[in-house]
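Within every chain, numbering begins at 1; the chains are lettered A, B, ... in the order of the sequence lines, protein sequences first and strands thereafter.
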2 protein chains.
Amino acid sequence: MSFDGQLPPKVRLLRAAAELLAASGGSAVSTRQITQLAGVTAPTLYHHFGDKEGLFDAVIAAGFEEFVADERDFAPSGQPLEDIRRMWDNHVQFGLDQPELYLVMFGNIRPESRPVIVADAEALMEEMLNKAAVAGQLNVPPKEAARSILAANVGMTLMLITEKAPERNLELSAMTRDAMIFAVSTEQARDSGPEDTGKSSVVVAAIALNAALQVSNSDQLSSSELKLFLEWLHRISTSSTS
Amino acid sequence: MSFDGQLPPKVRLLRAAAELLAASGGSAVSTRQITQLAGVTAPTLYHHFGDKEGLFDAVIAAGFEEFVADERDFAPSGQPLEDIRRMWDNHVQFGLDQPELYLVMFGNIRPESRPVIVADAEALMEEMLNKAAVAGQLNVPPKEAARSILAANVGMTLMLITEKAPERNLELSAMTRDAMIFAVSTEQARDSGPEDTGKSSVVVAAIALNAALQVSNSDQLSSSELKLFLEWLHRISTSSTS
DNA sequence: GCACTTCATATAGCGTTGCTATAGGTGCTA
DNA sequence: TAGCACCTATAGCAACGCTATATGAAGTGC
């Protein structure tokens, strides 16, 4: 079996890499395997992708498109926090459906260097959290909320991947998910009764204003003024009053 | 610089591996580098440790001893949940202090295979959560609580490692930590006022009894009876009433 | 004191890895 | 037809994890 024939070598390489990666079971995939399956010799790979990591990045980019498509698949429910909930579940499901690809995307950690893909996923979640912040439902700036939730989301997904498929307990994921969302949301967004979370209303209002400015692109202030203003706003948002 | 001289080759190999690992900055460390620094040839490594992974496992085991020592360093405060809080912070600090070692320990994920080290860390946390469960402070069986908290703990630590040191925001870790602990704890253990979490008192009592049996080793029941009894108890504990 | 076993280390090299210096073929534009 | 990019192949390098084999050292039984 190979991809010889009709398709251009670049596409054949991408497909071969994706296929071998999916079948690898987590072990390494060699460039020779890939080029052989693609019906191509080594220099072709390096001409198109620079190096092995470049090829994998390209595969990841395709995988991320799929990932984003999954995340955007559902129409916004009008309840941003409910959307975040589904986003979490989609994330976990993507990891369990394609563990090898997921591990290449989120499992290749190196100190002090964040893969582009992670930043993208974070931006995606932050974007959604911004809507919640505009609605005054967020206790924490969207950026910080996104980072925390995503960290827990990745951690939970990695843990579930290490478990044998029949033993995976998705209720743990649901519990962690709800705990994280609960933690970043204001009382008015919560199902249960009111409760003092230690955040003053000024902080919540500052967060909402900040988020609203991010989406509306107001031109009342000059760019330099706006920059400083946002900086102050962020300082207020992150001041803990507890 | 090398470890030639007095110490036995096995120790020299361990030290050389640990040192190179710490200085690697996350990139791969070759057996040739290790053996050269240890002043030893290749077969010596394979005689003592079987293969490269065996050597790394040995390094990890030493690292884990240090890790456990850190975790046990503080005397139990009598408030198990407070101890969990400190355990979380120790975990994060260990990861940030020794990122390369931490990544070898917790970052080498493979589908459907959990490293021994992770199971050990989980057992350590479960052991501490058992105390909370005995005190009726747990909303969830200790095993499940430990798994969730540890997953979030690892996820958060990995995320912090990818950030550049000056930008690391430990408040995110604290927030996530408290969110997870809050989620698994019963209302009576919480600082803020009472709140219905949807868990009936029978579930909480079952969890407490289960945990108490784990530590006390009661001999009122035969082992076969106990096994069945515990199974039922666990079934009650995990029945969600929300 | 001497053969014998056992453990520990060295010499040398196998097969595979990621990657590349160099050259040749192909198709388009002038 | 000439020239010029673009793309691909031949062949091979250095580094990798690992091992078949041999040699030395240390203990043991007679």
Q: Going 5' to 3' through nucleotides 7-20 of chain C, assign each nucleotide B (protein heavy atom under 4.0 Å from a base atom), S (under 4.0 Å only from sugar-phosphate atoms) or - (no protein heavy atom that close).
A: -SBBB-----BBBB
Q | Distance in angstrom units between A:Gln36 CD and D:dT10 P, rounded | A |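 It works out to 14 Å between those atoms.
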Q. D:dC16 C1' sits how many Å from B:Phe56 CZ, rounded?
A.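 One finds 13 Å between C1' of D:dC16 and CZ of B:Phe56, rounded.
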Q | Residues which pass side chain to side chain contact (heavy atoms under 4.5 Å, CB included) with B:Ala121, listed by chain and number, not counting sequence neighbours | A |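 By the side chain to side chain contact (heavy atoms under 4.5 Å, CB included) rule, B:Ala121 matches B:Phe64, B:Phe67, B:Phe106, B:Leu150.
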Q | Value rounded to 0.5 Å, distance of CD in A:Glu144 from CG in A:Leu129 | A |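 A:Glu144 CD to A:Leu129 CG: 11.0 Å, rounded to 0.5 Å.
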Q | SB check A:Asp89 A:Arg86 (cutoff 4.0 Å) | A |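 Between A:Arg86 and A:Asp89 there is no salt bridge, as every charged N stays at least 4.0 Å from the carboxylate O atoms.
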(Q) If the threshold is 4.0 Å, N to carboxylate O, is there a salt bridge linking B:Glu167 and A:Arg114? (A)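 The answer is no: the pair does not qualify as a salt bridge.
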**Q.** Smallest separation among heavy atoms of B:Ser173 and B:Trp88, with atom names
**A.**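 Looks like OG-NE1, 2.8 Å.
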